[in-house]
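In listed order, ligands and their atoms are each counted from 1.
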Amino acid sequence: MRILVVGATGLLGKEIVGLLSSDHDVIGASRKGSAIAVDISRKESVVAMYMQAQPLDAVVCVAGTARFAPLDTLADDDFAFSLANKLMGQVNLVRCGISSIKQGGSITLTSGVLAHHPIAGSAVVSIVNAGVEAFAHAAALELKDRLRVNVVSPGWVAETLEAMGRNPNDGVRASVVAHAFRKCVEEDITGQVVSATH
Ligand SMILES: NC(=O)c1ccc[n+]([C@@H]2O[C@H](COP(=O)([O-])OP(=O)(O)OC[C@H]3O[C@@H](n4cnc5c(N)ncnc54)[C@H](OP(=O)(O)O)[C@@H]3O)[C@@H](O)[C@H]2O)c1
């Protein structure tokens with residue numbers, strides 16, 4: 001398969017590229033440092049990315065940001081930024097990908113544990129992650145004869161916990177999370193949220 005990994009230079013992206021590259025032709029995309037430059041928060045950039053990368057059998061997105069801060073400090077811009085980035089960025093990857101991904105291909109998005117297990121400071125992140133999952137369920141229904149749409153929901157990643165000075169044993173290794181993405185790419189599933197937790 002010819003697979004585009006958006007967010008290829010990140011913690012999860014590097015593991016996914018490494019895992020998929022043994023069996024597939026993998027192309028990386030991100031804002032900087034990948035074969036294809038894209039900013040998923042700008043729809044015109046997503047359209048240009050597909051023009052450059054197509055034809056594709058599968059797309060994996062592990063890119064996108066949402067702001068983490070106490071509710072009473074979140075400004076309008078924090079909501080607007082986060083919705084435009086990790087939520088609408090991934091929604092637009094599906095909308096714009098319909099004509100660039102081959103019939104029967106797949107797109108796999110990323111949410112996160114904070115969709116259903118919020119913590120203080122996660123208000124925007126929780127909205128975004130839950131929105132990604134709700135969108136994928138709905139889009140998969142409409143695209144069922146055209147394209148598979150799934151989401152991987154990682155728990156806290158061990159390497160991220162380590163970088164935050166927390167106990168990595170409370171998290172799941174990035175190399176383990178990568179297998180959930182491979183499942184979504186290679187297995188005939190759609191409309192699923194695949195958890196990758198500790
Ligand atoms: N790490 C965790 O503990 C954890 C837990 C649950 C969920 N997640 C989710 O998993 C995803 C990946 O996490 P990660 O830890 O691997 O992140 P990361 O290490 O920060 O990597 C993010 C990747 O996405 C790219 N990127 C960021 N913004 C982009 C944009 N607007 N357009 C295109 N590319 C963009 C980055 O490269 P450039 O900066 O060059 O664009 C990089 O390649 C995120 O959605 C995150 O919320 C992570």
Side-chain angles (χ1 to χ4, degrees), residues 4-20 26-50 52-53 59-69 78 80-94 96-97 107-119 121-133 135-136 150-181 184 193-198:
L4 178 70
V5 176
V6 184
T9 59
L11 173 62
L12 294 179
K14 280 184 201 160
E15 290 291 343
I16 294 164
V17 169
L19 183 65
L20 295 177
V26 179
I27 315 151
S30 57
R31 287 171 302 181
K32 285 173 287 177
S34 290
I36 298 182
V38 65
D39 180 351
I40 63 165
S41 70
R42 295 191 305 111
K43 191 176 170 204
E44 63 274 23
S45 178
V46 172
V47 170
M49 175 194 74
Y50 277 123
Q52 201 179 336
V59 173
V60 169
C61 179
V62 273
T65 312
R67 291 192 175 143
F68 188 92
D78 295 314
F81 171 88
S82 305
L83 294 173
N85 205 302
K86 186 172 175 181
L87 179 56
M88 284 311 299
Q90 296 198 90
V91 167
N92 284 334
L93 280 176
V94 175
C96 302
I107 182 156
T108 306
L109 309 179
T110 303
S111 61
V113 66
L114 296 174
H116 302 289
H117 301 283
I119 58 175
S122 78
V124 178
V125 181
S126 295
I127 292 172
V128 164
N129 287 348
V132 170
E133 293 180 6
F135 169 75
N150 295 289
V151 178
V152 171
S153 176
W156 284 101
V157 177
E159 290 89 335
T160 299
L161 289 174
E162 206 160 22
M164 294 165 69
R166 291 173 52 189
N167 184 355
N169 294 329
D170 293 337
V172 55
R173 306 298 304 182
S175 56
V176 174
V177 178
H179 284 271
F181 286 92
C184 292
V193 176
V194 177
S195 291
T197 51
H198 183 48

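Put simply, the side chain of Ser45 gets close to the backbone of Asp39: a donor and an acceptor are under 3.5 Å apart. In this structure a side-chain-to-backbone donor-acceptor pair under 3.5 Å is missing from Ser122 to Pro118. No donor-acceptor distance shorter than 3.5 angstrom exists from the side chain of Lys32 to the backbone of Thr9, with no hydrogens or angles considered. Listed for the His198 side chain is a donor-acceptor partner under 3.5 Å among the backbone atoms of Asn169. Although no hydrogens or angles enter the test, the distance criterion places a donor-acceptor pair under 3.5 Å between the side chain of Asn85 and the main chain of Thr65. Glu159 places a side-chain N or O within donor-acceptor distance of the main-chain N or O of Ala174, the cut-off being under 3.5 Å. With hydrogens and angles ignored, the 3.5 Å screen pairs no side-chain donor or acceptor of Ser195 with any backbone N or O of Thr197.
Nearest heavy-atom pair, Ser82 versus Arg67, reported as atom, atom and distance to 0.1 Å: OG-N, 3.0 Å. Here the shortest heavy-atom pairing between Leu87 and Val128 reads N-CG1, 3.8 Å. Closest heavy-atom contact between Ile40 and Ala63: CD1-O, 3.7 Å. Listed here is the closest heavy atom pair of Ser34 and Ala8: OG-CB, 4.1 Å.
Taking atom 6 (C) of ligand 1 as the reference point, the nearest protein heavy-atom neighbour is Pro154 O, 3.4 Å. Residue, atom and distance of the protein heavy atom nearest to atom 40 (O) of ligand 1 are Lys32 N, 3.0 Å. Ranking the protein heavy atoms by distance from atom 12 (C) of ligand 1 puts Val62 O, 3.2 Å first. Protein heavy atom closest to atom 33 (C) of ligand 1, with residue, atom name and distance, is Val38 O, 3.1 Å. Taking atom 17 (O) of ligand 1 as the reference point, the nearest protein heavy-atom neighbour is Leu11 N, 4.6 Å. Nearest protein heavy-atom neighbour of atom 21 (O) of ligand 1: Gly10 CA, 3.1 Å.
Those atoms of ligand 1 with a heavy atom of Ala63 less than 4.0 angstrom away are 24 (O), 25 (C), 26 (N), 34 (N), 35 (C). Near Gly155, meaning under 4.0 Å from one of its heavy atoms, ligand 1 places the atoms 5 (C), 6 (C). Counting the atoms of ligand 1 from 1 in the order shown, those under 4.0 Å from a heavy atom of Asp39 are 30 (C), 31 (N), 32 (N). Heavy-atom contacts of Val157 reach the following atoms of ligand 1: 1 (N), 2 (C), 3 (O), 4 (C) (cutoff under 4.0 Å). Proximity to Lys86 (heavy-atom distance under 4.0 Å) selects the following atoms of ligand 1: 9 (C), 45 (O), 46 (C), 47 (O). Residue Thr9 has at least one heavy-atom neighbour below 4.0 Å for each of these atoms of ligand 1: 37 (O), 42 (C), 43 (O).
Backbone and side-chain nitrogen or oxygen atoms of Val113 are examined, and none is located within less than 3.5 angstrom of a nitrogen or oxygen of ligand 1. Ligand 1 has a nitrogen or oxygen under 3.5 angstrom from a nitrogen or oxygen of Leu12. Residue Trp156 has no nitrogen or oxygen atom sitting less than 3.5 Å from a nitrogen or oxygen atom of ligand 1, judged on distance alone. Of the N or O atoms in Ile40, one or more lie within a sub-3.5 Å distance of an N or O in ligand 1.
The shell of residues lying under 4.0 angstrom from ligand 1, judged by heavy atoms, includes Ser111. Using 4.0 Å as the threshold, Ala66 has no heavy atom nearer than that to any atom of ligand 1. Assignment of Gly64 to the shell around ligand 1 is supported, since a heavy atom sits closer than 4.0 Å. Heavy-atom distances between Thr110 and ligand 1 reach below 4.0 Å in at least one pair.
Under the 3.5 Å distance criterion, with hydrogens and angles disregarded, no donor-acceptor pair is assigned to the side chains of Glu15 and Ser175.
When Lys14, Arg31, Met164, Met49 are ranked by how near their heavy atoms come to atom 39 (O) of ligand 1, first place goes to Arg31. Closest to atom 25 (C) of ligand 1 by heavy atom, among Gly28, Ala115, Gly7, is Gly7.
The shortest side-chain heavy-atom distance between Leu93 and Met49 falls under the 4.5 Å cut-off.
Each of Val151, Val91, Thr110 was checked for a side-chain contact (heavy atoms from CB on, under 4.5 Å) with Val132, and the lone residue meeting it is Val151.
Distance check for atom 1 (N) of ligand 1: a protein heavy atom is found below 4.0 Å.
In Asn85, the part holding a heavy atom less than 4.0 Å from any atom of ligand 1 is the side chain.
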